[in-house]
Asks: 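Have a look at this one before I ask anything.
What you see is a predicted model, and the numbers here were worked out from it, not measured in a lab.
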Amino acid sequence: MNRRLAALLVFAVAAGTASAATVEQPRAFGHVIGDVLTQRVLLEQAGRPLQPGALPSAARIDLWLERRPSRVETDAEGRRWLAIDYQVINAPRALTAVSLPALSIATATGVPLALPAWPISIGPLTPLEVAAQGDLQPLRPDRAVAPLPTYALGQQLKFSVLALLAVLVAWLGWWAWRNRREAQQLPFANAWRELKRIGDPASPEAWRVLHRALNRSAGRVVHHASLPQLMAEAPYLRPLQPRLEEFYRESTRRFFFAESVASAAQPEGAYPLRPLCRALRDAEKRHRH
């Protein structure tokens, strides 16, 4: 309610049955459906406060207005006012004049306060016909949805992806470094790396590589007779004990009885030296991890 436009009116009722009432009326024009208009009645008579009796009740007034529950307010000067709210509940097709109803408010002194009817105008929300010019069209297009701010989310996503890539690169680097370190330090891993560089797995150098790996693993020179001691010290090699025994028998035959025809049970190049070395490397790797 625009009280600056409200008129401060004093009504004197001709008949002696009602006293003068000081009323602040709402703006008389420019109202549409949903607006709330407030009448304010000063609860004083000849400078003395008045106590209202029954307040105007909430009710529908007519096709256009509905009265809300009334209330008593106190202004900055300490004066008491009876506030009566009316809400516009319908929209006319054209500008229409209606009136806030006249009221008689009972007081404790027995002399009621009389409020006259107050005319107001109610306008339609939209005209029946639009100009169809510029933006004044019968139907407006759907309003485009404003895009959500995604810059901060995009930056967070980029940071997360970069952090993930950094972790993956670091993990891959650590994994490669660990494998290279193990290939250099672990006896069978180092032997497997050397065997892959030797072209002929049946060459004496290839057999010496595996012998050196067994010696490094045991910390001493290992031969066929000392295999049980190696199995006791390195239990992870026990599943390969039969293959290691065969390896030492074949090594003895190759290095000490190479020219003995009777002891040549199999061709030189047929012994699976590389598969044995790979199996030893895998067992060593499982034991370390």
Asks: Does the separation of the ring centres of His287 and Phe188 fall below 6.0 angstrom?
Replies: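 Centroid separation for His287 and Phe188: 6.0 Å or greater.
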Asks: Please evaluate residues Thr252 and His224 with respect to the criterion side-chain hydrogen bond (donor to acceptor under 3.5 Å, both in side chains), reporting the C-alpha separation (whole Å), side-chain torsions for both, the decisive distance (0.1 Å), and the verdict.
Replies: CA-CA 9 Å; Thr252 301; His224 189 277; over 6 Å; no
Asks: Considering only heavy atoms from C-beta outward, does the side chain of Leu115 approach that of Ser104 to under 4.5 Å?
Replies: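 They are not in side-chain contact.
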Asks: Are Val209 and Trp192 linked, directly or through other ILVMFWY residues, by side chains that come within less than 4.5 angstrom of each other?
Replies: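 Different clusters.
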Asks: Could you tell me whether the side chain of Trp118 and the main chain of Pro26 form a donor-acceptor pair under 3.5 Å?
Replies: yes
Asks: Once side-chain hydrogen bond (donor to acceptor under 3.5 Å, both in side chains) is applied, what residue pairs with a partner in residues 231-243 remain, sequence neighbours excluded?
Replies: Arg220-Glu233, Gln229-Glu233, Gln241-Glu245
Asks: Applying side chain to side chain contact (heavy atoms under 4.5 Å, CB included) to Leu244 and Met231, what does each step give before you reach the verdict?
Replies: CA-CA 10 Å; Leu244 287 172; Met231 296 300 106; 3.6 Å; yes
Asks: Could you check whether any side-chain heavy atom of Ile122 comes within less than 4.5 Å of a side-chain heavy atom of Leu95, counting everything from C-beta outward?
Replies: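 They are not in side-chain contact.
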Asks: Mind telling me whether Trp171 and Trp175 have parallel, tilted or perpendicular rings, with 30° and 60° as the class edges?
Replies: parallel
Asks: List the atom of Ala94, the atom of Thr96, and the distance in Å for their closest heavy-atom pair.
Replies: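 The answer is O-OG1, 2.9 Å.
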Asks: For the side chain of Arg67 and the backbone of Arg60, is there at least one donor-acceptor N/O pair under 3.5 Å apart?
Replies: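 Not a single qualifying donor-acceptor pair exists.
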Asks: Are the side chain of Ser251 and the backbone of Phe247 linked by a donor-acceptor contact shorter than 3.5 Å?
Replies: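 Here the side-chain-to-backbone pair does not exist.
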Asks: Are Arg27 and Phe29 in a cation-pi contact, defined as NZ or CZ under 6.0 Å from the six-membered ring centre and within 45° of the axis?
Replies: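 Arg27 over Phe29 ring: yes.
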Asks: Does any non-hydrogen side-chain atom of Pro101 lie less than 4.5 Å from one of Asp62?
Replies: no
Asks: Decide side chain to side chain contact (heavy atoms under 4.5 Å, CB included) for Arg79 and Leu43; before the verdict, give the C-alpha distance in whole Å, the side-chain angles of both, and the deciding distance to 0.1 Å.
Replies: CA-CA 8 Å; Arg79 297 181 301 175; Leu43 297 176; over 6 Å; no
Asks: A quick test of your reading: do over 12 heavy atoms of other residues, nucleotides or ligands sit less than 6.0 Å from CZ of Arg197?
Replies: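 Result for CZ/Arg197: enclosed.
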Asks: Is the side chain of Glu66 donor-acceptor paired with the backbone N or O of Ile89 at a distance under 3.5 Å, no angle test?
Replies: no
Asks: Do NZ/NE/NH1/NH2 and the carboxylate oxygens of Glu44 and Arg80 come within less than 4.0 Å?
Replies: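 Not counted as a salt bridge, because no side-chain N and carboxylate O are separated by less than 4.0 Å.
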Asks: Can you name the side chain to side chain contact (heavy atoms under 4.5 Å, CB included) partners of Leu168, sequence neighbours left out?
Replies: Leu164
Asks: Gln25 and Pro116: which non-hydrogen atoms are nearest, and at how many Å?
Replies: NE2-O, 4.5 Å
Asks: Do Asp85 side-chain atoms and Thr38 backbone N/O form a donor-acceptor pair below 3.5 Å?
Replies: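 The answer is no, because no donor-acceptor pair under 3.5 Å joins these two groups.
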Asks: Does Leu157 share a hydrophobic cluster with Leu165, counting links as ILVMFWY side-chain heavy atoms below 4.5 Å and allowing steps through other members?
Replies: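 Linked, Leu157 and Leu165 end up in one cluster.
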Asks: Is Glu73 paired with Arg71 through a side-chain N to carboxylate O contact shorter than 4.0 Å?
Replies: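 Yes, Arg71 and Glu73 are salt-bridged.
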Asks: Within this structure, what is the CZ-CG distance for the pair Arg48 and Leu50, rounded to the nearest 0.5 Å?
Replies: 8.5 Å
Asks: Determine the minimum heavy-atom distance between Leu240 and Ala283, stating which atoms define it.
Replies: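 Taking Leu240 first and Ala283 second, the nearest heavy atoms are CD1-CB, 4.3 Å.
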Asks: Before you tell me yes or no, could you show the steps for Asn190 and Arg193 under side-chain hydrogen bond (donor to acceptor under 3.5 Å, both in side chains), namely the whole-Å CA-CA distance, both residues' side-chain angles and the distance that decides it to 0.1 Å?
Replies: CA-CA 5 Å; Asn190 190 34; Arg193 188 163 58 91; 2.9 Å; yes
Asks: Just how far is it from atom CG of Asn215 to atom NE2 of His223, taken to the nearest 0.5 Å?
Replies: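 Answer rounded to 0.5 Å: 9.5 Å.
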Asks: Taking the six-membered ring for Trp and the full ring for Phe, Tyr or His, determine whether the centres of Tyr86 and His31 are under 6.0 Å apart.
Replies: no
Asks: Between Tyr248 and Val222, is there a donor-acceptor pair closer than 3.5 Å when you use the side chain of the first and the backbone of the second?
Replies: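 Looks like yes, one N/O pair under 3.5 Å.
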Asks: Within this structure, what is the CG-CG distance for the pair Leu55 and Leu103, rounded to the nearest 0.5 Å?
Replies: 11.5 Å
Asks: Ignoring hydrogens, what is the shortest heavy-atom contact between Gly123 and Val32? Give both atom names and the distance.
Replies: O-CG1, 3.6 Å
Asks: Checking side chain to side chain contact (heavy atoms under 4.5 Å, CB included) for the pair Val98/Leu63: CA distance, chi angles, key distance, verdict?
Replies: CA-CA 10 Å; Val98 299; Leu63 178 64; over 6 Å; no
Asks: List the steps, then state whether side chain to side chain contact (heavy atoms under 4.5 Å, CB included) holds for Arg212 with Glu194.
Replies: CA-CA 11 Å; Arg212 287 195 294 267; Glu194 291 186 26; 3.9 Å; yes
Asks: Measuring from Leu195:CG to Cys277:SG, what's the distance to the nearest 0.5 Å?
Replies: 4.5 Å
Asks: Are Trp207 and Ile198 co-members of a hydrophobic cluster defined by side-chain heavy atoms under 4.5 Å apart?
Replies: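 Yes, Ile198 connects to Trp207 through the hydrophobic network.
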Asks: Any heavy-atom pair between the side chains of Trp81 and Asp75 that's under 4.5 Å?
Replies: yes
Asks: Nearest 0.5 Å, please: how far is OG1 in Thr150 from CD in Gln156?
Replies: 11.5 Å
Asks: Can I get a per-line list of side-chain donor-acceptor pairs under 3.5 Å for residues 105-114, giving both atom names and the distance, sequence neighbours left out?
Replies:
from	atom 1	to	atom 2	distance (Å)
Thr107	OG1	Thr109	OG1	3.1
Thr107	OG1	Val111	O	2.6

Asks: With a 4.5 Å cut-off on side-chain heavy-atom distances among I, L, V, M, F, W and Y, is there a chain of contacts connecting Leu227 to Phe256?
Replies: yes
Asks: At their closest point, which heavy atom of Ala213 faces which heavy atom of Ala191, and how far apart are they?
Replies: CB-CB, 3.6 Å
Asks: State, to 0.1 Å, how close Ser99 and Ala117 come at their nearest heavy-atom pair, and which atoms those are.
Replies: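 Taking Ser99 first and Ala117 second, the nearest heavy atoms are CB-CB, 4.3 Å.
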Asks: Leu65 versus Gln87: any side-chain heavy-atom pair under 4.5 Å?
Replies: no
Asks: Kindly work out whether a path of hydrophobic side-chain contacts (I/L/V/M/F/W/Y, heavy atoms less than 4.5 Å apart) joins Leu153 to Tyr151.
Replies: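 In one cluster: no.
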Asks: What distance separates Ser217 OG from Leu230 CG, expressed to the nearest 0.5 Å?
Replies: 6.0 Å
